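Input: a single structure, listed below in C-alpha cells.
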Amino acid sequence: QVHVVESGGGLVQPGGSLRLSCSVSGLTFSNYAISWHRQAPGKERELVAHITNTGSKTMHADSVKGRFAISRDNGKDRVYLEMHNLKEEDTAVYYCFARTPGPGYWGQGTQVTVSS
C-alpha cells in the first residue's frame, strides 16, 4: 500500500519559520513528482509548490514565492517544504501529494497555524 505522511506543522509567530516533511512509502519514490497543497478554513485547496521526480525543476505559487522552498531527498524517500517569513494568511492544513499516473496519493495533512 502507498502511504503518504506529513509532519512538522505547528504554531508559529508571524515572521517565523517551519520545515514540513513528507514521507512516502509503497512506491518507487524517485519515479514521481511531488507537490504540496494547502487548505485554509472555508477555502478551496490550493497548490503551493511542486517538484519533479529528480528535483531538477520546482514551481512555487505566487503567494509563497521567495518565502517557501520545496526540495526532496530521493535517498530518504522524503520531500520538504521550507517555510520562512510566515504570515497569518499561511495558516492552513498542508498536504503532500504523490503525482502517480491516475488519481495520485494524498497524505492526511499537517496543521500550520501562524498567529501572534
Side-chain angles (χ1 to χ4, degrees):
Q1 305 95 324
V2 176
H3 195 202
V4 180
V5 180
E6 304 93 338
S7 62
L11 176 64
V12 65
Q13 293 182 305
S17 299
L18 284 174
R19 185 196 192 196
L20 306 185
S21 297
C22 173
S23 176
V24 183
S25 61
L27 50 73
T28 304
F29 181 74
S30 61
N31 285 355
Y32 302 105
I34 306 291
S35 57
W36 284 98
H37 305 247
R38 67 186 182 187
Q39 189 165 18
K43 302 292 185 180
E44 296 273 292
R45 189 171 298 188
E46 64 175 341
L47 176 65
V48 174
H50 174 272
I51 188 166
T52 58
N53 63 317
T54 65
S56 62
K57 296 179 70 175
T58 62
M59 182 281 295
H60 299 83
D62 288 344
S63 58
V64 306
K65 197 170 296 181
R67 300 188 298 118
F68 292 9
I70 190 171
S71 63
R72 68 191 295 160
D73 185 341
N74 285 350
K76 297 180 179 178
D77 293 354
R78 299 191 78 90
V79 175
Y80 305 98
L81 186 67
E82 299 281 351
M83 309 165 68
H84 302 285
N85 192 24
L86 283 159
K87 304 175 179 180
E88 290 183 346
E89 53 261 44
D90 295 319
T91 295
V93 177
Y94 284 71
Y95 298 91
C96 184
F97 179 65
R99 291 182 172 269
T100 62
Y105 296 92
W106 292 95
Q108 290 292 101
T110 186
Q111 176 72 48
V112 173
T113 302
V114 185
S115 177
S116 59

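Quick caveat, the model's predicted, so the values are computed rather than measured.
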Report task. Please determine if R72 forms a cation-pi arrangement with F29, meaning its NZ or CZ atom is less than 6.0 Å from the six-membered ring centre and no more than 45° off the ring axis. Result -> yes

Query - Nearest-0.5 Å distance that lies between atom CZ in R19 and atom CE in M83 - result: 13.0 Å

Query - Non-hydrogen side-chain atoms of V79 and I70 separated by less than 4.5 Å - result: yes

Requested in this report: Quick one: closest heavy-atom pair of N74 and N53, and the distance?
Outcome: ND2-O, 3.1 Å

Query raised in the report: Any cation-pi pair here, R38 with Y95, using under 6.0 Å and within 45°?
Result: no

Query raised in the report: Does R99 reach the side chain of H50, with side-chain heavy atoms less than 4.5 Å apart?
Result: yes

Query raised in the report: Does K87 pair with D90 as a salt bridge, N-O distance under 4.0 Å?
Result: no

Query raised in the report: Do you see a donor-acceptor pair shorter than 3.5 Å between the side chains of S115 and T113?
Result: no

Query - ILVMFWY network linking V4 to L81, side-chain heavy atoms under 4.5 angstrom - result: yes

Report task. Determine yes or no for a side-chain-to-main-chain donor-acceptor pair under 3.5 angstrom, with T54 supplying the side chain and S56 the backbone. Result -> yes

Query raised in the report: Which heavy atom in G109 sits nearest to a heavy atom in E6, and how many Å separate them?
Result: N-OE1, 2.8 Å

Query raised in the report: So do P14 and E88 actually touch side chain to side chain, heavy atoms under 4.5 Å?
Result: yes

